[in-house]
Number of protein chains: 2
Amino acid sequence: MSGVRERARVATTTEIVRLAREQMAAEGAAALSLRAIARDMGMVSSGIYRYYASRDELLTALIIDSYERLGAVAEAADQAVRRRSDHRARLRAMAGAIRQFAIDSPSEWALLFGTPVPGYAAPQDTIGPATRYTLVLVELLGDIARSGVRHDFAVPRAMRADLVRLHDVFGLEVPAPTIALGLTAWAAIMGAVSLELFGHLHNVIDQPGALFDAVVDHYATVLAP
Amino acid sequence: MSGVRERARVATTTEIVRLAREQMAAEGAAALSLRAIARDMGMVSSGIYRYYASRDELLTALIIDSYERLGAVAEAADQAVRRRSDHRARLRAMAGAIRQFAIDSPSEWALLFGTPVPGYAAPQDTIGPATRYTLVLVELLGDIARSGVRHDFAVPRAMRADLVRLHDVFGLEVPAPTIALGLTAWAAIMGAVSLELFGHLHNVIDQPGALFDAVVDHYATVLAP
DNA sequence: AGACAAATGTGAGCACCGCTCTCGCTTTTT
DNA sequence: AAAAAGCGAGAGCGGTGCTCACATTTGTCT
């Protein structure tokens with residue numbers, strides 16, 4: 001156990017992932033080529049398949065890794081706000097970190113939130129890491145609720161059962177209107193970042209980041225008055 | 001002029017687009033294959049290039065067409081609301097039509113708002129049709145403003161210059177806070193639809209459409225109180 | 001009506017892709 | 001020391017976008 005081979009294997013897989021990220025950053029996620037990675041490693045193309053059984057498997061590994069990193073930056077941004085009761089600052093920090101992640105590595109953002117790769121179905125392994133960054137928002141909503149803030153929002157009928165389930169199964173102690181508004185904020189943040197990143201704002205406004213600012217400002221006042 | 005040849009050419013290009021849509025619906029936008037289209041038409045693969053010089057050119061044609069259709073459904077939904085002063089109903093109708101478009105043809109939605117195809121840069125031809133569906137929202141915002149509603153929203157600094165430009169260049173007579181909030185609503189709607197369509201809600205809530213409902217409800221009260 | 005040119009389709013070919021399989025070689029386990 | 005498992009090489013299959021020389025069809029102009 002823990003022989004030369006194992007260490008070599010870890011090194012090889014790490015190198016594959018590194019080259020995959022490099023290639024993804026340069027050419028986009030859909031252009032990821034196992035053959036090119038093998039070529040860069042001085043290996044014959046079939047050798048890659050000893051480490052990743054298919055292109056989808058490598059994609060899954062990259063996706064999980066990206067979700068973890070996104071979760072990590074969101075958590076770090078939230079934790080960096082010293083005054084924990086400054087909920088607006090925490091929302092701004094969290095959302096800003098998510099946007100910065102997208103700007104820093106657009107290919108990763110596209111991998112996570114862009115068009116699903118055709119024929120690729122996200123396996124179970126991804127759903128855990130995928131929810132990590134959303135938990136930061138849920139935590140914040142909990143703190144807002146605990147501070148006594150109550151939101152006046154008529155929760156849509158279709159959402160009520162889900163919120164009851166979240167309460168019963170996950171022990172979520174946040175009022176339904178707060179969660180519902182929080183999910184709305186989540187959608188708006190994700191939408192603003194994606195619209196900005198995918199270039200849909202260039203023909204509307206000159207400073208694409210302004211839409212993000214507006215979204216965050218709006219929800220800062222809505223969620224943490 | 002207007003000879004047999006021209007009609008045959010139109011028929012062929014139409015057939016190509018039809019088959020492309022079919023294929024896209026079945027396998028996703030990124031899996032679109034010129035060879036497969038040629039095969040379906042009983043033509044040798046190189047023949048396609050007489051009609052579309054490249055895969056990207058065909059994609060551009062599909063994108064423009066999809067933008068036009070999205071714009072058309074949004075316009076139709078808005079126009080179908082008889083009481084023009086019922087701004088909430090118009091917002092719901094417009095947003096609902098956009099969501100329905102996405103659900104009906106997810107591959108088209110992915111083509112417009114998903115990951116940009118790697119190496120593909122949207123040419124100038126697309127920006128006109130691309131803005132058509134947003135004009136429906138802008139029109140609505142104008143009617144809301146003209147009805148006397150004033151929104152209390154601090155427009156982000158980065159957005160002010162853009163809104164001034166929209167006013168000066170396009171003659172947009174809508175107060176800045178209204179436009180800013182409207183753009184926020186736009187981001188939220190797009191985000192909710194994309195999150196739902198790309199399957200990012202399945203692990204959060206059971207009824208993915210509920211988030212969309214919440215978003216629309218929220219902005220109905222915010223924009224048209 | 002006939003000549004000419006443009007439009008159209010053909011088939012071979014290039015370079016790439018994901019992926020499979022077999023064959024030796026090496027490291028690890030028994 | 002023998003058996004097993006892991007690994008890289010190489011050939012090969014079927015697919016892709018795209019180019020090019022060639023033949024054929026078709027519309028137009030003299």
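All heavy atoms count here, side chains included; hydrogens, waters and symmetry mates do not. The sequence lines fix the lettering, A, B, ..., with proteins before strands; numbering per chain opens at 1.
- Distance CD1/I189(A) to OH/Y219(A): 8.5 Å, rounded to 0.5 Å.
- S105(A) places no side-chain N or O within 3.5 Å of a backbone atom of E108(A) that could act as its donor or acceptor partner.
- Of the residues in residues 9-18 of chain A, not one comes within less than 4.0 Å of DNA chain C through any heavy atom.
- Atom CZ in R7(A) sits roughly 13 Å away from atom C1' in dT27(C) (whole-Å rounding).
- Distances shorter than 4.0 Å separate some side-chain N or O of Y51(A) from OP1 or OP2 on dG8(D).
- Between atom CG of residue L183(B) and atom CG of residue L166(B) there is a gap of 8.0 Å, rounded to the nearest 0.5 Å.
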Can you build the contact string for nucleotides 14-22 of chain C? Use B for base contact, S for sugar-phosphate-only contact, and - for no protein heavy atom under 4.0 Å. ---BBBBB-

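- Not a single donor-acceptor pair, N or O on each side, falls under 3.5 Å between the base of dT28(C) and the side chain of R5(A).
- Classification of the Y133(A)-W186(A) ring pair by plane angle, with boundaries at 30° and 60°, yields tilted.
- Put simply, CD1 on I205(A) and CG on L163(B) are 8.0 Å apart, with the number rounded to the nearest 0.5 Å.
- Expressed to the nearest 0.5 Å, how far CG of L58(A) lies from OH of Y51(A) amounts to 13.5 Å.
- If you measure from atom CD1 of I37(B) to atom P of dC18(D), you get 12 Å, rounded to the nearest angstrom.
- Here the P atom of nucleotide dC18(D) and the CD atom of E57(B) are 10 Å apart, to the nearest Å.
- Note on ring orientation: taking the six-membered ring where Trp is involved, the planes of H200(B) and F198(B) are perpendicular (angle over 60°, cut-offs 30° and 60°).
- Tested against E75(B), the residues R132(B), R90(B), R69(B) include a single salt bridge (Lys or Arg N to Asp or Glu O under 4.0 Å) partner, R132(B).
- Rounded to the nearest 0.5 Å, atoms CD1 (I103(B)) and CD1 (I98(B)) are 12.5 Å apart.
- Using a 4.0 Å heavy-atom distance criterion, Y52(B) is classed as making no nucleic acid contact.
- Between the CZ atom in R21(B) and the CZ atom in R18(B) there is a gap of 12.0 Å [rounded to 0.5 Å].
- No salt bridge links D213(A) with R157(B); every basic N to acidic carboxylate O contact stays at or beyond 4.0 Å.
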With pairs defined as Watson-Crick or G-U wobble and both distances under 3.5 angstrom, please note down DNA chain C as a dot-bracket string, | for pairing with another strand. ||||||||||||||||||||||||||||||

